[in-house]
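Contents: one structure, followed by commentary.
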Amino acid sequence: MSAAQASLERLATALADEREALIGHDVEALMRSTREKLTALRELEATTDSEVAGPLAELAELNRANGALLARRRREVNWALRHLGRVESAPAYDAHGRAEQARHSRELAVA
């Protein structure tokens, strides 16, 4: 097996793991699979093997499907946050170019 084929298999496994993590709401598994995916992609960037183009296009479709699932999860989280009185996280930059989170809160109970 060539290095490019091994990287393709690594990417395929990472994408499958990423999907399972998204479906199972497993943040640690999602972070692990994302790291594996990025590592495999870096390996594939270094290859000149033209045989990877076809399989890579198929894996790109899986990645897009995972992206759609991730976007759905994000909408669900933002919906829940809005109903808890929080606003969606939208970073704002201060005068020094640092990201600053706008902090809005609402009392959920009175003691």
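Numbering starts at 1 and runs along the sequence shown.
Smallest separation of non-hydrogen atoms from Leu44 and Ala4: CD2-O, 3.8 Å. Contact detail for Ala40 and Ser7: the closest heavy-atom pair is CB-O, 3.8 Å.
Apart from Ile23 itself, the hydrophobic cluster it occupies contains Leu22, Leu30, Leu69, Leu70, where clustering links Ile, Leu, Val, Met, Phe, Trp and Tyr at side-chain heavy-atom distances under 4.5 Å. Taking Ile, Leu, Val, Met, Phe, Trp and Tyr as members and joining any whose side-chain heavy atoms lie under 4.5 Å apart, directly or through other members, the hydrophobic cluster of Val27 also contains Met31.
Screening residues 8-17 for salt bridge (charged side-chain N to carboxylate O under 4.0 Å, His left out) gives Arg10-Glu36, Arg10-Glu43 as the qualifying pairs, with residues at least two apart or on separate chains.
In this view, Arg73 and Glu76 satisfy the salt bridge (Lys or Arg N to Asp or Glu O under 4.0 Å) rule, not counting sequence neighbours. Applying the side-chain contact (heavy atoms from CB on, under 4.5 Å) test to Glu20 and every residue at least two apart in sequence or in another chain returns nothing. Every residue two or more places apart in sequence or in another chain that forms a side-chain contact (heavy atoms from CB on, under 4.5 Å) with Ala29 is listed here: Ala21, Asp26, Arg32.
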Can you give the donor-acceptor pairs under 3.5 Å from side chains of residues 52-66 to other protein atoms, not counting sequence neighbours?
{"residue": "Glu61", "atom": "OE2", "partner": "Arg64", "partner atom": "NE", "Å": "3.3"}
{"residue": "Glu61", "atom": "OE2", "partner": "Arg64", "partner atom": "NH2", "Å": "2.5"}
{"residue": "Asn63", "atom": "OD1", "partner": "Lys37", "partner atom": "NZ", "Å": "2.9"}
{"residue": "Asn66", "atom": "ND2", "partner": "Leu15", "partner atom": "O", "Å": "3.1"}
{"residue": "Asn66", "atom": "ND2", "partner": "Glu18", "partner atom": "OE1", "Å": "2.8"}

